[in-house]
There are 2 protein chains.
Amino acid sequence: MEVKKRKRNTRQKAVIFQVVKDSHDHPTAEEIYERAKKEIPTLSLGTVYRVLKELASEGKIREIIVNKQSHFDRRTDFHHHFICRECGKIEDIETPLCRYTCRKVEQKGYIVDEIEYKFYGLCSKCAEKLDTNK
Amino acid sequence: MEVKKRKRNTRQKAVIFQVVKDSHDHPTAEEIYERAKKEIPTLSLGTVYRVLKELASEGKIREIIVNKQSHFDRRTDFHHHFICRECGKIEDIETPLCRYTCRKVEQKGYIVDEIEYKFYGLCSKCAEKLDTNK
DNA sequence: CAAGTTAATAATAACCATTACTGTTAAAGT
DNA sequence: ACTTTAACAGTAATGGTTATTATTAACTTG
Ligand SMILES: [Mn+2]
Ligand SMILES: [Mn+2]
Ligand SMILES: [Zn+2]
Ligand SMILES: [Zn+2]
């Protein structure tokens with residue numbers, strides 16, 4: 001009863017993937033849409049959402065949610081994020097995995113398949129700006 | 001020029017606060033609404049949202065966002081969460097603050113005002129269930 | 001390579017958690 | 001009690017995302 005669907009390689013998917021890979025700023029679907037439209041002016045936002053979800057589930061990119069909005073990350077390796085409350089910038093943070101915590105969770109019989117650390121605050125630029133205005 | 005607004009103590013706010021304080025399960029606004037309606041049948045969902053936001057900004061409860069949806073936490077002390085992908089349960093995790101990471105961020109001139117760790121996976125119950133079905 | 005098949009697309013509507021608006025109610029000060 | 005106005009109930013609007021559908025184009029087959 002298994003119907004195998006062969007996947008097609010579309011220009012849309014290739015361009016959207018390339019846009020994310022070329023982005024160093026964790027863009028939203030809308031931002032990716034705007035950038036990809038330069039290449040394919042007829043591109044549809046719905047396609048962008050669908051392809052991004054697909055790429056993420058294939059493990060080729062990562063989805064990161066900030067303030068209830070999806071952003072996309074060209075990096076798929078283990079790292080975390082600092083989010084500036086002032087300018088909204090999302091920056092990568094390299095952090096060693098907290099083995100102590102993982103062991104504790106695993107002792108309860110839980111299976112952890114993803115760990116996410118987020119740090120909120122002010123980036124140096126915004127911290128400085130707010131300091132001088134005071 | 002300062003116009004001071006005196007706050008009023010309403011039954012709505014008292015009941016909503018009590019519902020959260022009595023909840024051990026990180027309920028959503030909708031769930032809090034359902035529970036509070038037992039006490040105040042005419043309660044409005046909009047009021048629940050507004051009061052929850054107010055209570056959170058007063059530091060009396062905490063908001064925790066999972067899958068782009070707000071949940072509310074009776075606890076306001078430093079702790080983190082495990083989210084089961086199967087049953088959706090949100091469980092508290094006690095974890096020591098990762099000083100190493102914080103120092104690293106602070107060295108960049110950043111100011112961190114909130115740290116959030118989330119662990120996703122399967123709780124023991126769901127892990128067991130999925131194992132026997134296989 | 002032309003014709004046929006159907007996965008993926010563009011365009012658009014629907015969804016749903018949350019927020020904004022508006023006329024009414026009631027908490028607190030006098 | 002009377003007044004003031006913060007907070008309320010009810011409802012409409014918002015916005016990011018997902019679903020639907022007719023059309024297009026990537027791949028298969030002859
Ligand atoms: Mn990143
Ligand atoms: Mn908690
Ligand atoms: Zn900043
Ligand atoms: Zn579970």
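By convention in this document, chain letters (A, B, ...) are assigned in the order of the sequence lines, proteins followed by strands, and residues within each chain are numbered from 1. What you are looking at is a predicted structure, and each value in this text was computed from that prediction instead of being measured.
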*In Å and rounded to the nearest 0.5 Å, what is the CG to OG1 distance from A:L55 to A:T76?*
12.0 Å

According to a strict under-4.0 Å criterion, is [X] in side-chain N/O contact with OP1 or OP2 of [N]?
| X | N | result |
| --- | --- | --- |
| A:K13 | C:dA8 | no |
| A:Q12 | C:dA10 | yes |
| A:S44 | C:dA11 | no |
| A:T10 | D:dA26 | no |
| B:Y49 | C:dT19 | no |

*Between A:E54 and B:A29, name the one whose nearest nucleotide on DNA chain C is closer to the 5' end.*
A:E54

Could you state the atom-to-atom distance from [atom1] of [X] to [atom2] of [N] in whole Å?
| X | N | atom1 | atom2 | answer |
| --- | --- | --- | --- | --- |
| A:N67 | D:dT17 | CG | P | 12 Å |
| A:L43 | C:dA8 | CG | P | 15 Å |
| A:H71 | D:dG16 | NE2 | P | 10 Å |
| A:L45 | C:dA13 | CG | C1' | 14 Å |
| B:Q69 | D:dG15 | CD | P | 20 Å |
| A:R11 | C:dA10 | CZ | C1' | 15 Å |
| B:E39 | D:dA9 | CD | P | 14 Å |
| A:E31 | D:dG15 | CD | C1' | 15 Å |

*Tell me which of A:K7 and B:K7 sits closer to the 5' end of DNA chain D, going by the nucleotide each one is nearest to.*
B:K7

*Earlier contact from the 5' end, DNA chain D, for B:P41 and B:N9*: B:N9

*Evaluate the side-chain proximity of A:Y110 to B:E91: yes if any heavy-atom separation is below 4.5 Å, no if none is.*
yes

*Under 4.5 Å between any side-chain heavy atoms of A:S70 and B:K68, yes or no?*
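A side-chain contact exists here, since the closest heavy-atom pair is under 4.5 Å.
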
Which listed nucleotide ([options]) is nearest to the side chain of [X]?
| X | options | answer |
| --- | --- | --- |
| B:R6 | C:dA10, C:dT18, D:dT5 | D:dT5 |
| A:K53 | D:dT28, D:dT18, C:dA10 | D:dT18 |
| A:R50 | C:dT19, C:dT9, C:dA8 | C:dT9 |
| B:K68 | D:dG16, D:dA9, C:dA10 | D:dG16 |
| A:R8 | C:dT5, D:dT5, D:dA9 | C:dT5 |

*Checking all strands, does A:S70 fall into the base, sugar-phosphate, or nothing category for heavy-atom contacts under 4.0 angstrom?*
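Since only primed, P, OP1 and OP2 atoms lie under 4.0 Å of A:S70, the category is sugar-phosphate.
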
*Quick check, are the ring centers of A:H80 and A:F78 under 6.0 angstrom apart?*
yes

_B:H79 and B:H26 aromatic ring geometry - parallel, tilted or perpendicular at 30°/60° bounds_ = tilted

*Using salt bridge (Lys or Arg N to Asp or Glu O under 4.0 Å) as the criterion, point out the one residue from A:K7, A:R8, A:K60 that pairs with A:E54.*
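It is A:K7, the one option of A:K7, A:R8, A:K60 that forms the salt bridge (Lys or Arg N to Asp or Glu O under 4.0 Å) with A:E54.
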
